[in-house]
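This report refers to the structure that appears directly beneath it.
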Amino acid sequence: MIFQMFDTLVREEPDGSLSPALAESWEFDESGLEITMKIREGVKFHNGREMTVEDVAYSINRAIASSYTSAFTSTMDRMEVVDDTHVKLVLKEPYVAILSCLCSASLAVVGKEEAEAAGDHFAKNPVGTGPYKYTGWSTGERIDMVRFDDYWRGTPAIGNLTFKIHTDKSTAAIALEKGEVDVLYYPNTSDKRHLEELAGVTWAEGQASTFWYLAFNCRDGVFASQKLREAVCYALDRDSIILGGANGLGIPTESCIPMSTAFYNPDFAGYQYNLEKAKELMKEAGYPDGLSVTMKTNQSSQYSKPTEIIQAQLAEIGITANIELMERAAYLEETQTECNYELTFYVITNNISDPDYICTRRFHTSMEGGGNNFTLHKVEGLDALIDEARGEEDTARRQQLYDDINQKIYEHAVILPLYQGMTYIAYNSGLSGVYTSPSERHYVYEYSWN
């Protein structure tokens, strides 16, 4: 919804490429610490006021000051106004993924005077520069928008836009079938066959930015043993986990660098399913007769169903995995914040199209606990590789660095990559311009009726 009402300085396209948006162009200085951006002129807010460079600088500095946006702004120091058409973003350190960060909805441009006047109530009266302007909100039911005729890209083809909230996905699918809604994001996978066969409905699916994996507590407990971790890695069959746990909607991967990012290497070879190898490693680890462990997991079926398949596969090598279903907040507190777990099945969404988002947050030792690095591994040289990759501008060298990071994580069995998630949409076949987006960045501005 934010992407309909607001614009960012840089835009991520459906294929993951970056293009100018409110920033027409940009230039890095020699140090890599300053980016001067030319701001588009003549852009209007929904109330008719023309956007200024002061609005742009205010918006980015407002985001930098917020703890909620630290995943995108941690390398940013400040944004300064240069002149009537230019701003300068000053970084704390060179960071080559910075443009991807500027695509985040959290860094969309708001009107300074409008946001300051509304204060905490700005969310209930949002004013942006996007193709659609807010007209009403019925809590728990719907959010209404109308096209903004003065949008800088041109007037949108669709006149009225309503986001309906359905707490039950099956009810939402029925609403699509009846023509009460036109686009349904993430319908139940169990409804896939029915929706595919419906006249007047199109089903589309593609790669998502969700990366599903098995994580070990590499420091505390039995999985401090690398050989035991390796045994588990060889014991799991990705295809079966996807089929039985994700209704077939997943893409097997052996890489810790997600497919949805730059520098993913399709030729990287990780752990292959090998039951005999897994059993041999169980003996070498000192567990010839097996052992019992606890797998804490989110009670949502997205997590619990794959965990049940993993449980059955581990039983094949003598590991009794006792599943402990937990409410989401408690699960996150126990596993990711407190790191109180043995092994768990989890997902990370790569919110920028650059591998650093995952590599730093999940594998750098400076990020241990607090919801980021919860594997607690100690892999010599890994931090240095991640640090170098963050600031490396040479593409070939950066590719080599991420290949080396991948190799180290594989060699030490820090995690077991399982599959890339998939995104799927069912929609009225009379609409054109609807597409799947790995990062769920849907621009209704590009939709139109046939």
Side-chain angles (χ1 to χ4, degrees), residues 1-4 12-17 105 158 161-213 238-253 258-261 264 298 300-307 309 328 345-353 417-450:
M1 287 181 275
I2 292 175
F3 282 117
Q4 319 318 318
E12 181 181 307
E13 301 295 345
D15 63 1
S17 63
I158 303 292
L161 175 60
T162 297
F163 282 88
K164 286 191 174 182
I165 294 96
H166 287 275
T167 55
D168 180 79
K169 288 190 175 185
S170 294
T171 302
I174 292 170
L176 175 66
E177 185 174 352
K178 291 181 176 179
E180 296 170 357
V181 298
D182 299 298
V183 182
L184 178 57
Y185 300 123
Y186 275 112
N188 270 334
T189 53
S190 57
D191 291 327
K192 176 183 176 181
R193 178 172 296 180
H194 174 65
L195 292 173
E196 283 181 317
E197 295 173 351
L198 274 180
V201 171
T202 299
W203 175 281
E205 58 189 45
Q207 186 186 111
S209 57
T210 49
F211 171 66
W212 299 85
Y213 61 97
R238 293 177 178 85
D239 290 334
S240 297
I241 294 170
I242 293 168
L243 186 62
N247 295 304
L249 289 167
I251 307 169
T253 184
M259 296 177 182
S260 57
T261 70
Y264 166 74
N298 188 320
S300 164
S301 62
Q302 279 187 298
Y303 300 85
S304 61
K305 285 179 64 180
T307 298
I309 307 300
R328 181 177 183 273
F345 171 75
Y346 197 59
V347 64
I348 185 170
T349 300
N350 205 58
N351 285 319
I352 64 173
S353 56
L418 290 171
Y419 58 91
Q420 191 85 22
M422 296 185 72
T423 179
Y424 31 93
I425 301 174
Y427 62 94
N428 187 320
S429 300
L431 275 174
S432 62
V434 183
Y435 48 78
T436 61
S437 164
S439 54
E440 295 303 318
R441 289 174 179 171
H442 300 283
Y443 306 112
V444 178
Y445 175 76
E446 295 176 356
Y447 295 2
S448 62
W449 289 107
N450 295 330

So, for P306 and S301, which heavy atoms are closest and what is the spacing to 0.1 Å? CD-O, 3.6 Å

Can you check whether A246's main-chain N or O pairs, donor with acceptor, with K305's side chain at less than 3.5 Å? no

Pair listing, salt bridge (charged side-chain N to carboxylate O under 4.0 Å, His left out) test, anchored in residues 193-207, at least two apart: K192-E205

Aromatic ring pairing Y443/F3, orientation class (parallel under 30°, perpendicular over 60°, tilted between): perpendicular

Find the distance between OG (S260) and CD (Q420) and round it off to the nearest 0.5 Å. 4.5 Å

Answer with yes or no whether the side chains of E446 and Y435 bring together a donor and an acceptor at under 3.5 Å. yes

How close do I242 and L249 get, heavy atom to heavy atom, and via which atoms? CG2-N, 4.1 Å

Using 30° and 60° as the class boundaries, would you call the ring planes of F345 and Y303 parallel, tilted or perpendicular? perpendicular

Would you call E12 and S353 a side-chain contact if the rule is heavy atoms closer than 4.5 Å? yes

Just checking, is any N or O donor in the side chain of T436 or T423 under 3.5 Å from an acceptor N or O on the other one? no

Mark yes when over 12 heavy atoms from residues, nucleotides or ligands other than I2 sit less than 6.0 Å from its CD1; otherwise mark no. no

Which of parallel (below 30°), tilted (30 to 60°) and perpendicular (above 60°) describes Y186 and Y424? perpendicular

Residue pair I241, Y419: steps toward the side chain to side chain contact (heavy atoms under 4.5 Å, CB included) verdict: CA-CA 9 Å; I241 294 170; Y419 58 91; 4.0 Å; yes

